[in-house]
Every structure is written in structure tokens, then in C-alpha cells.
Number of protein chains: 2
Amino acid sequence: MATGRNHRPATSRSRGIPEATVARLPLYLRALTALSERSVPTVSSEELASAAGVNSAKLRKDFSYLGSYGTRGVGYDVEYLVYQISRELGLTQDWPVVIVGIGNLGAALANYGGFASRGFRVAALIDADPSLSGKPVAGIGVQHTDELEKVVDDNGVSIGVIATPAGAAQQVCDRLVAAGITSILNFAPTVLSVPEGVDVRKVDLSIELQILAFHEQRKAGEDVPAEEDTAPPAAPPAASVTKRTDSGPDGDLPAVMPA
Amino acid sequence: MATGRNHRPATSRSRGIPEATVARLPLYLRALTALSERSVPTVSSEELASAAGVNSAKLRKDFSYLGSYGTRGVGYDVEYLVYQISRELGLTQDWPVVIVGIGNLGAALANYGGFASRGFRVAALIDADPSLSGKPVAGIGVQHTDELEKVVDDNGVSIGVIATPAGAAQQVCDRLVAAGITSILNFAPTVLSVPEGVDVRKVDLSIELQILAFHEQRKAGEDVPAEEDTAPPAAPPAASVTKRTDSGPDGDLPAVMPA
DNA sequence: ATGCCTTTGTGAACGCGTGCACAAAGATGG
DNA sequence: CCATCTTTGTGCACGCGTTCACAAAGGCAT
């Protein structure tokens with residue numbers, strides 16, 4: 001979900017499309033594209049739902065927000081639906097994107113082939129390290145952070161990707177926003193503060209793993225319920241100053257490896 | 001969210017902890033760790049909520065599921081809370097992880113420093129490319145896919161990360177599950193089917209960007225509402241066989257660059 | 001043309017998640 | 001020991017999202 005401080009009332013529905021539905025449209029589109037390639041003319045809600053990994057009723061309701069694009073007794077026309085969803089998602093136009101922070105992750109993102117395939121185009125790669133300047137990554141020359149504003153302005157970029165260490169994320173974010181960017185995909189493990197009107201979505205490997213660990217522990221714990229608390233570090237009252245030196249801070253490292 | 005076909009009734013709450021709360025615990029933990037490093041003894045729900053980017057009432061309710069760890073009139077003991085959340089998330093134990101698919105992304109993940117910091121340890125790197133076998137990535141030798149089962153078994157791995165191209169994802173997933181893995185973090189742009197009891201979480205750059213594009217388009221569209229549909233590719237009835245050759249399939253490419 | 005069969009589109013019920021607002025609890029100072 | 005002030009913990013209401021279940025709609029065969 002969009003983090004930061006831009007809580008659109010969830011009633012964000014532009015023309016009435018629920019946020020949850022919007023999040024699933026790309027899933028449907030992917031499944032439909034696959035069908036399209038196999039030249040499948042039509043598909044039923046049941047089949048498509050199965051391919052997308054969702055409930056068929058949910059899929060039908062999702063599509064109902066877009067309009068009545070199906071034919072009762074038959075199903076949906078694949079090509080037509082691909083077009084409608086693409087249009088709804090804004091994929092019929094070109095979206096220049098800038099990637100800031102060309103470390104391991106930033107480079108991997110720059111090399112991501114699926115980027116260009118859906119209307120997204122890497123307009124520029126930016127990094128604060130001067131020694132990277134000019135060096136080509138994925139066929140694109142890395143530019144210095146100083147060029148950020150100019151690059152955004154010249155290319156009319158509205159979407160920025162932050163792949164810097166956590167410590168630099170907010171600063172980069174502020175500059176991107178000031179330069180006119182209104183949508184940010186954040187890979188740094190930080191909560192970004194952005195002004196009203198700017199969308200932020202975050203991808204955080206660390207969090208995903210921790211959630212998995214929680215469930216994993218629960219699965220294992222069901223068999224061994226006897227293991228309660230092992231050795232609490234002094235209860236709240238006895239606050240104490242037991243400075244923890246273990247578990248190094250990951251708060252200053254990007255979620256998926258930076259520079 | 002966990003995709004695939006393992007819809008736990010959302011009432012997954014192990015001891016009553018809502019899924020939404022579990023997803024926020026890592027966020028709180030990160031903020032608390034930062035405070036801990038600055039040797040801040042206690043923190044109020046208001047302050048911590050602000051740092052984590054959430055509502056203070058929500059934070060208090062979240063913590064209430066863990067127990068009454070706060071002190072009225074004072075706040076929460078930072079150290080104590082760090083311990084409690086860590087324990088709840090299962091971060092007090094070691095979680096060996098295997099990464100399958102050592103392409104751009106896989107390598108970036110392997111290099112991710114924050115991995116080890118929170119109880120996660122990269123036990124092995126696996127790739128189908130024989131030419132990679134033995135080559136060290138992030139200080140760990142890459143092993144061939146043939147070793148998958150053995151590696152999982154020998155190290156007692158229960159969490160697997162899939163960073164392969166979409167085409168190989170399901171197959172890798174099946175092998176991981178068969179080998180005994182019960183939690184999967186999927187970076188490939190595919191819906192994975194897994195048996196009951198296996199958790200799958202997915203990270204998909206392509207989807208995130210498309211969601212941003214949707215909102216971006218909406219922002220721009222508010223000013224220019226006159227632009228309705230431009231040129232639909234024939235309505236459903238006139239299905240036609242207008243094979244789309246543009247927008248290459250991204251269905252066979254991993255979300256964040258593979259090998 | 002008529003009836004049957006398939007599949008959509010959606011009304012309605014339900015449950016989870018969120019946020020408000022306040023009572024209870026504890027700390028603190030006199 | 002009491003009054004006051006701060007902050008937690010939570011009851012309650014509201015709204016979004018999900019799912020069921022079915023009526024309406026269209027194709028197709030006879």
C-alpha cells in the first residue's frame with residue numbers, strides 16, 4: 001500500500017474503481033496477455049480467475065467496475081479486455097522513469113527487461129557516487145545526483161524509483177518531489193514523508209521475510225506449544241539500560257541491497 | 001499478500017494476531033531499533049506511530065494483541081518492546097534461507113546486508129546454469145539445481161526465495177515444497193500454486209509500477225476529462241483476430257530481472 | 001421461434017480493519 | 001496521601017472488501 005503520509009481516503013476510486021481492484025488489474029492483464037499470445041479468443045471468468053489466482057466472483061466484480069465487457073454465456077473477449085485494462089491502467093502511454101541509486105539493486109532494476117514492455121521506459125539512472133558517472137549500466141549512462149532535477153524536467157518524468165541506502169532515501173525523495181515527480185516506488189527500508197498528492201509504494205524484502213518468519217514460527221509452534229517466553233530482557237518497570245549490541249541495524253540499509 | 005492457493009481464512013491469527021497487524025510489526029521493530037541505538041529508553045505511542053508512519057490508535061491496538069506492554073502515563077519501554085516483537089516475529093531464532101535463481105536480482109539479494117542482521121542467513125545459492133556452479137557470489141558458492149533437495153534437507157531450510165525467470169518459477173516452487181520448504185518469497189511474475197500449509201508472498205516490480213501508473217494517469221486525467229476512449233480495438237462482438245504484436249510479453253520475465 | 005444451457009453482472013450479507021473517543025491506570029508533585 | 005496530568009488500552013461504529021447466490025442475458029440447438 002501507499003505508505004508515507006498520503007492517505008487518500010481509500011475511497012481513492014477515480015471513477016469508482018476500488019484500490020483493491022486496481023491492485024489486481026495488473027494480475028489479470030498478465031494472464032490475459034498470456035492467453036492472447038496463445039491466440040485464445042475468449043475466456044470465462046472461471047478460467048481467468050484461476051489463472052490469476054483469485055476467486056471468480058471477485059474477478060467479475062472487479063471487471064464490473066470497468067464496465068460490462070463480457071458476454072453472458074460466453075465469457076470475455078481476450079483482446080478487448082487486454083485493451084480495456086491497459087487503457088484503464090494508463091499503459092497505453094509512455095511512462096519515463098528515473099532510477100536513483102545504482103547499486104546492486106538499482107542495476108538489477110535497470111536491467112529488468114519487463115520494464116520497457118509495458119510502457120515504462122528508463123529515462124535515466126542516477127547515483128551520488130561520482131565514480132559511476134558516465135559508466136553505462138544496462139546501456140544507459142549513469143548521471144550524477146546533481147543532474148536529478150534537470151533530468152526529471154527534461155524528460156517529463158513523473159515516476160521515480162528509489163534504490164538508495166535508507167539514509168539517503170528521504171533526501172532523494174524530497175528532491176524528486178520538488179523536481180515534480182508525483183509517484184515513487186521505494187525500495188529503501190524507510191518510511192517516506194511526502195506531501196499530499198504524491199503516491200508512494202514500497203517494496204521491502206526485509207519485511208516480507210519477517211512476515212514469513214512469523215508464520216513459519218507459528219507452524220512450528222503448533223507442535224511445541226510448551227515453549228513460551230524464554231528469557232525476557234527485564235520487564236518494563238525495570239527498564240534498565242540493557243543496550244542491545246546484537247542484531248545490527250538494518251534501518252540504514254536498503255531493503256534489497258544498495259550501493 | 002500470500003498468493004497462490006493457500007488462502008488461510010485471513011483469520012490466520014495464530015494467537016489472535018490479525019494479519020494486518022503482523023504486517024506492521026516489522027515496521028515498528030525497525031523504528032524501535034533505531035530508537036534503541038540512540039539509547040532512547042521509552043517512547044509514546046504517538047511518537048512511535050509517527051516514526052512508523054501509522055496512526056497512533058492503530059499502533060496501540062496492534063500492540064494490544066501482543067499484550068499490555070506499555071505503561072500508562074509513560075509509554076513503552078523500547079528495549080522490552082524490541083524483544084517482544086522480535087520474539088513474536090520469530091526473529092530470536094536463526095532462519096536459513098536458500099535463494100534460487102542467481103541472476104541480477106538473485107545476486108543483489110545475496111549481497112543484501114540486512115539479510116543476516118535479523119536472523120536470516122543465506123544458507124545457499126542455487127542456479128540452473130552449470131557455468132555458475134562453484135562461482136562465489138556474495139562469498140557463497142553457487143550450487144547447481146540438482147543439489148536443491150540436498151541443500152534444503154542438510155540445512156533444515158524452511159524459507160525459499162525464488163528469483164528465477166517466470167517460466168521456471170512453478171517448477172522450482174514445486175521442488176522447494178517437495179524438499180520441505182513451507183514459506184516462499186516469490187520475485188518471479190507468476191502466480192504460484194502451492195499445497196495447503198505453504199505460505200507464498202510475492203514481490204512484483206511490474207505490478208507496483210502499473211498501480212502507480214494508474215494513479216498517475218488519474219491525476220493527469222482530472223484536468224483533461226475530455227479524453228475518453230481513443231480507439232478501441234473492435235468491440236467484443238466483432239472479436240476479430242487482431243493479434244497484438246506490440247507490448248511484448250513480460251509474463252516470461254521475472255519481475256525484477258533474472259539471469 | 002422456442003426452450004435450454006451457460007455465464008455474466010450484482011444485490012445483499014458478512015467479516016476484517018480502521019479510527020474515534022473515553023475510561024482506566026499509573027506516574028508525579030505537593 | 002491526594003490531586004492532577006499524561007498516556008495506554010479498548011468498546012464501538014463505520015466503511016471497504018469478499019463471497020455467496022441468483023436473476024438476467026445471450027448463444028445455440030432443435
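Side chains included, hydrogens not; waters and symmetry mates left out as well; all remaining heavy atoms used. All figures in this text were calculated on a predicted structure; none of them were measured in a lab. Numbers restart at 1 for each chain; the letters A, B, ... are given by sequence-line order, proteins then strands.
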Problem set entry | Touch class at under 4.0 angstrom, heavy-atom based, for A:F63 against every strand present | nothing

For this session: Return yes when atom CD of B:Q171 has more than 12 non-hydrogen atoms of other residues, nucleotides or ligands closer than 6.0 Å, and no otherwise.
Result: no

Problem set entry | Between P of C:dG9 and CG of A:L48, the distance in whole Å | 12 Å

Seminar exercise, completed: Closest non-hydrogen contact found for B:Q217 with A:L89 is NE2-C, 3.8 Å

Exercise. Given the side-chain rings of A:Y69 and A:Y80, with only the six-membered ring counted for Trp, is the space between their centroids under 6.0 Å?
Worked result: yes

Exercise. Once you round it to whole Å, what is the distance between P of D:dG26 and OH of A:Y76?
Worked result: 14 Å

For this session: Could you work out which one of C:dG17, D:dT19, C:dT18 sits closest to the side chain of A:N55?
Result: D:dT19

Exercise. Just to confirm, is there a sub-4.0 Å distance from OP1 or OP2 of C:dT7 to any side-chain nitrogen or oxygen of A:S45?
Worked result: no

For this session: Would you kindly check whether a donor in the side chain of B:K61 faces an acceptor in the base of C:dT18, or vice versa, at under 3.5 angstrom?
Result: no

Exercise. Looking at D:dG26, D:dA21, D:dT8, which one has an atom nearest to any side-chain atom of A:A57?
Worked result: D:dA21

Exercise. Taking for each residue the nucleotide of DNA chain C with the nearest heavy atom, is it A:S64 or A:G73 whose nucleotide lies nearer the 5' end?
Worked result: A:G73

Problem set entry | Upstream residue (5' side of DNA chain D) when B:E46 and A:V74 are each assigned their closest nucleotide | B:E46

Problem set entry | Rounded interatomic separation in angstrom, taking CG from B:L66 and P from D:dT10 | 12 Å

Exercise. To the nearest angstrom, how far is B:R60 atom CZ from C:dA21 atom P?
Worked result: 13 Å

Exercise. Is the shortest distance from a Lys or Arg side-chain nitrogen in A:D199 or B:R218 to a carboxylate oxygen in the other one below 4.0 Å?
Worked result: no

For this session: Please state how far atom CZ in B:R24 lies from atom C1' in C:dC16, giving the value in whole angstrom units.
Result: 11 Å

Exercise. Within this structure, what is the OH-to-P distance between B:Y65 and D:dT8, rounded to whole angstrom?
Worked result: 17 Å

Seminar exercise, completed: Whole-Å distance, A:D62 CG to C:dT8 P, equals 14 Å

Exercise. For the pair made of CD in B:E19 and P in C:dT18, what is the distance, rounded to whole Å?
Worked result: 12 Å

Problem set entry | Residues A:S206 and A:Q210: side-chain donor-acceptor under 3.5 angstrom | yes

For this session: Answer yes or no: side-chain N or O of A:R72 and base N or O of C:dT7 forming a donor-acceptor pair under 3.5 Å.
Result: no

